[in-house]
Structure formats: structure tokens, C-alpha cells
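This report refers to the structure that appears directly beneath it.
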Amino acid sequence: MLDIKLIRENSNLVRQGLINKNSADVVDEILSIDEERRSLILQTDELKAKRNSASAKIPVMKKNGQDTQQVLSEMKLVSDQITSLDEKIREVEGHLEKILRHTPNIAHSSVPVGKSAENNVETKKWLPDDFNFKNDFKILDHIELGKKLRILDFERGTKISGSGFPLYLGKGATLERALINFMLDFHLTHHEYTEIMPPILVNRESMEGTGQIPKMEEDMYFIEKDGLYPIPTAEVPITNIHRGEILNEKDLPIKYAGYSPCFRREAGSYGKESKGFLRVHQFNKVEMVKFVKPENSYNELEKLVVDAEDILQALKIPYRILLLCTGDLSFSAAKCYDIETWSPAENRWLEASSCSNFENFQARRANIRFRNETTKKPEFVHTLNGSGLATSRLMVSILENNQTPEGKIIIPKALQKYTGFEIIE
RNA sequence: GGAGAGAUGCCAGAGUGGUUGAAUGGGACGGUCUCGAAAACCGUUAAGGAUGUAAGUCCUUCCAGGGUUCGAAUCCCUGUCUCUCCGCCA
């Protein structure tokens, strides 16, 4: 959520920010509602002050045996006015809140302005030493490999649940589990994260806190009976750990990493993208979340990206990094890097991680603050998160990049002690 | 799932209609004392909003949302959560 004071005091900056993010310019609407709100508050506060002072006098008058009849009827009137004004304020504030909750974060000044994904900027490309984009044998895609080696069964996954629910078998299941353990261990030992195992069903407040709701509501699963949402990412429960809290400045930055399955309806996105692992309703992901002091958040974002990169380099998976332009940035993000891994069968890059700085956008929604040691006042923290990483896309790259001409898979060295085997054949 | 009890400040815990944003104790912080420390004593210790250059002033908030009343932490209704007992159960 944007700060109403920021909108009030820097309306043009916000206006341009919304336009850059391909979002509707609601600044004038917000300003006029805000003005109405403040004028109503002024009126009701005055009446309330009047009522309070009368309330203090009434018992004294009674004690002195004075007649309170006139004051009481006067105050009855005042109270009625307060009630109706408060009603109006509730309405106006509800309206304002609704608009603000639907208004996206604006991008940081270092983010390139652009309309869509084509305007994203590649900032880095990393390839393993012996890597070559051309192969001298026929590359099988992950679906064919999965079938041939009996490690993935998309058809039976569909039978059990529907399309987009992958079934891992045998060494495929072991490899998936190994990958999760490897990534978590790596972040804990090399990057000093605290491990989290979060609830994977969350309530509405949590979904609103991180910004998935209301904008992305259609993409979320929802269990109506209990009012719970299966999480689309561990970002939701992990960021909400500190919802409504005031943290100690000396505890910052707080760094959490956690594994969870992720559930996404992906409403309306069927088609070519949806085959195999490319777009699924359930996948596994290790997520990194940071709570940091505002002045450090951009520095922390760069470190977050490196944390994700370290995993890919250890696995020797070719990847590139994109700096997303304003138009491609998600609702809550102020700046975001996508990390894409190479799929030789698809002959293209696949998004495996997204590392974002939300500044205080989520913190404001979720009311996550820290006490500034110098000013002694609470301030909103900055929150960041990054996939570290999503296994489904990673699995595609691991299988396809490590296949032999005979269609076997060589397990990356770093993973072997987790899988207990070196090859899938 | 059934029955009951409860939710107050950083914590513990009073408060059942009127200057109670809230007694008391603990903790934390500052000070006095001390060579230093402890003890003792004194003081400070909420968040949000409106207004104002500021100092300040005012409003709101005792789980949440409604209601009664001139006035609600206190009374009524609904919801959420916690605890105890019973049942069920990985």
C-alpha cells in the first residue's frame, strides 16, 4: 500500500510511477477522497471534544445537585451528529482504503521504464565452463526424459488431480527431494538464513498483507468452508510471521528461508505454456524472505540475487538475469530481478527465480515495523523476497542440460550426496 | 464435535457505567547515591489520526465488529482466538 502522505506531497511523482507501471492514474481521485475524509474528521473531532468535556462535567454537576437535563439533551444531539459523521467517515475511509489496496507499488528510480517484458534488461549471463548452446545429439525435452526414465508421470498426475499436478516417481521423486534439501542446506550454511517450515493454508489477512489479494484473487485457490487459501508461495506465510509487530532494530536484517509446495490456479493461461513443468498448479519452492532497514534494502536485494545465483552455479546450470522494466514489475514490487535458466529443448530461458524489493509496500499493508534506535519511533521495515529457487523450472534445466546422448541423466556433483546416486538410467 | 472459562499496556495483573490511556507489581531506560557495582530512592516507559513552520492542541484505541447510553475497558449481540474437561484422531 502506498503512503497517503506520499501521494499528497508528491502527487506528480506517484502519478508518473503509476503510468510507468501501466496502471490507472488514480491520484486525483485519491486526493479528493482524502480531502473529504480530512474535512469530516475535523468536524467530528470537534464534536467529540465537546462531548468529552461535557462528560467530565456531568458527574460533577450531579454531585452538586445541579439539574443536568439540559446538558443531557444537548449532548444527545451532539452524539447523533457524531454518529452520522462517523458513519460517513467509515464510508469514505473504506472507499479510500479500497482504492489504495488496489493501487500498485511504484518502481524505484533505478528501474528502466518500459511497457512490457521486451523492455527488460539483461544484466548478466552465466554459463558453466564446458557449456555449449549447440548439442551434437538430439536433445530430449523434460517430458520425454521423464517418461523414458519413468521419473515423471504427467498423465497419471492429471488422473489423480487434473492437469498441472505433476507426479514424481522413483529417482525423480528422490531428485526433487534432494534438490529441496540441497538448496535449504546451502542457504542455511552459506547465507545465514533461518529455516522456516510455514503453514501452507493461510487466512485472508495474510494474503492481503503480502498483496496477492485483492489483485490476484482469481489466481488463488480458496477453501471456502474454512476461509483458507493454499499458498501460492511461501512468501505469504513467511512475510506474515511478523505481521502487526514492532521489531527490534538490532534484530535486523531478519533472513528466513523455507520450503513449501506452492499452489496457483493459473486461471486462463492454458495452451502451449502449460505442458509438462512449464506451468503447473502445484510446484515446490524454497523461498528467501528478508526484513531489513529501509536504507539497506537495495543492497540487500543485490545480495539476495547472489544467494539464488550461488545455487545455480553450484549446480552448474546456465542462467541469465533480467532487470524487469516498470511495466513488467509485479503489483507489490519496487524493483525485481528475474533469474532464468536455460532449457535446451525449449531453446529458451525459463524463469526460475524472482527476487524483489517491496520497500515498505508490504510492510505498510501488513503493519510490520521496527523501532528506530535513534528516534525511538516505529518505522516500516522493507521486505524482500526471492525464490531460491522453484524446483519445477530447475528440474527442467537439470534434466535437459545433464542428459547424455543415450538419454541418461548425470546428477550434478553437488546433488549426489543428497540423491545417493549419480545417474538416472 | 459437546460443555465451560477467558482475552486489559513490554510482561504479570486490578478494574462491572462517569476526569481510567488505564491502579499495583515486574522488566527496560534515565537520574541520585557509589571508587565502581548492588541495594535504595526519584523519574521516564503505547500506537494511529487531525491540525500546526514548530512548541503544542485535539480525536481514536482495553481481541475484532455491531448495539444500548448524555457517557462504555465496564452492559447486550455477533465473530475470532486462547485455556480446561469430554469425545474423536495422525
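Letters go in sequence order (proteins before strands), and every chain restarts at 1. Every heavy atom of this structure was used, including side-chain atoms; hydrogens, water molecules and symmetry mates were not.
By the 6.0 Å contact criterion, CE on M197(A) is open, its count of non-hydrogen atoms from other residues, nucleotides or ligands being 12 or less. Counting heavy-atom neighbours within 6.0 Å of E46(A) CD, excluding the residue itself, gives a total of 12 or less. Open room surrounds CD on E35(A); 12 or fewer heavy atoms of other groups in view lie less than 6.0 Å from it. Atom CD of Q69(A) has 12 or fewer neighbouring heavy atoms from other residues, nucleotides or ligands inside a 6.0 Å radius. Within 6.0 Å of CZ in R156(A) there are 12 or fewer heavy atoms belonging to other residues, nucleotides or ligands. Around NZ of K316(A), the count of heavy atoms belonging to other residues, nucleotides or ligands within 6.0 Å does not exceed 12.
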For this session: Convert the base pairs of RNA chain B into dot-bracket notation, remembering that pairs crossing earlier ones are written with [ ] and that bases paired across to another strand are shown as |; include only Watson-Crick or G-U pairs under 3.5 Å.
Result: ((((((((.[[[..)..(.....]]]((((((.......))))))((((((....)))))).[[[[[..)....]]]]])))))))....
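Taking side-chain N and O atoms only, N52(A) has no distance below 4.0 Å to OP1 or OP2 of U19(B). Proximity of K57(A) to the phosphate of G18(B): no side-chain N or O atom is located under 4.0 Å from OP1 or OP2.
Separating the CD1 atom of I58(A) from the C1' atom of G17(B) is a distance of 13 Å, rounded to the nearest angstrom. The CD-C1' distance, from E97(A) to G49(B), rounds to 14 Å in whole Å. To the nearest angstrom, C1' of C10(B) lies 18 Å from CD of E249(A). Straight-line distance from the CD atom of E9(A) to the C1' atom of U53(B): 14 Å, rounded to whole Å. Distance D86(A) CG to U60(B) C1': 9 Å, rounded to the nearest Å. Rounding to whole angstrom units, CG of residue N248(A) and C1' of A46(B) are separated by 15 Å. Regarding I4(A), its CD1 atom lies at a distance of 13 Å from the C1' atom of G49(B), rounded to whole Å. We find that NZ of K376(A) is positioned 13 Å from P of U45(B), with the value rounded to whole Å.
Classification of K147(A) and E155(A) as a salt-bridged pair holds, one side-chain N sitting under 4.0 Å from a carboxylate O. Ion pairing between a basic and an acidic side chain is recognised when a charged N comes within 4.0 Å of a carboxylate O; R264(A) and D219(A) show no such pairing. Using a cut-off of 4.0 Å between Lys/Arg side-chain N and Asp/Glu carboxylate O, E91(A) and K88(A) are scored as not salt-bridged. The pair E93(A)-R37(A) counts as a salt bridge, with a side-chain nitrogen and a carboxylate oxygen less than 4.0 angstrom apart.
Rounded to the nearest 0.5 Å, atoms NE2 (H382(A)) and CG (N296(A)) are 10.0 Å apart. For the atom pair OG (S356(A)) and CG (L329(A)), the distance works out to 7.0 Å, reported to the nearest 0.5 Å.
Nearest-nucleotide assignment on RNA chain B puts the 5′-proximal partner with R369(A), out of S53(A) and R369(A). The nearest heavy atom of RNA chain B to T44(A) and to K377(A) marks one nucleotide each, and the one closer to the 5' end goes with K377(A).
Contact check of residues 32-43 of chain A against RNA chain B (heavy atom, cut-off under 4.0 Å) returns R37(A), R38(A), I41(A), L42(A). For the segment residues 202-210 of chain A, no residue has any heavy atom less than 4.0 angstrom from an atom of RNA chain B.
The ring-ring contact (aromatic ring centres under 6.0 Å, His included) contacts involving residues 156-180 of chain A comprise F165(A)-H281(A), Y168(A)-F277(A), where partners must be two or more places apart or lie in separate chains.
A39(B) and C29(B) have their P atoms separated by 12 Å, with the value rounded to a whole Å. For the P atoms, the distance from G25(B) to U84(B) is 31 Å, rounded to whole Å. With both ends at atom C1', the span from U57(B) to U44(B) equals 22 Å, rounded to whole Å. Taking atom P on both nucleotides, C58(B) is separated from G4(B) by 47 Å, rounded to a whole Å. Nucleotides A23(B) and A14(B) have their C1' atoms positioned 6 Å apart, rounded to a whole Å. Using C1' as the reference atom, C86(B) and C11(B) are 33 Å apart when rounded to the nearest Å. The same atom, C1', is picked in G18(B) and in A72(B); the two are 10 Å apart, to the nearest Å. Rounded to whole Å, the P atom of G43(B) lies 27 Å from the corresponding atom of G48(B).
Figure legend: K335(A) and Y298(A) shown without cation-pi pairing, the cationic atom not lying both under 6.0 angstrom from the six-membered ring centre and within 45 degrees of its axis.
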Pairs: protein N or O with nucleotides 71-79 of chain B N or O, under 3.5 Å:
| residue | atom | partner | partner atom | Å |
| --- | --- | --- | --- | --- |
| G71(B) | OP1 | S79(A) | OG | 2.6 |

Could you write out each protein N or O paired with an N or O of nucleotides 63-69 of chain B at a distance under 3.5 Å?
| residue | atom | partner | partner atom | Å |
| --- | --- | --- | --- | --- |
| G66(B) | OP1 | R90(A) | NH1 | 3.1 |

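Nucleic acid contact class of A54(A) (heavy atoms, under 4.0 Å, all strands): none. Residue K62(A) is classed as a base contact, given a heavy-atom separation below 4.0 Å to a base. K50(A) comes within 4.0 angstrom of nothing in the nucleic acid, heavy atoms only.
In this structure, N360(A) contributes its side chain and F380(A) its backbone to no donor-acceptor pair below 3.5 Å. Under a 3.5 Å cut-off, the side chain of S73(A) and the backbone N or O of Q70(A) do form a donor-acceptor pair. The backbone N or O of I30(A) lies less than 3.5 Å from no partner atom in the side chain of D34(A), so there is not a single donor-acceptor pair.
Residue L175(A) is tested with I180(A), I409(A), I151(A), L399(A) for a side chain to side chain contact (heavy atoms under 4.5 Å, CB included); the sole match is L399(A).
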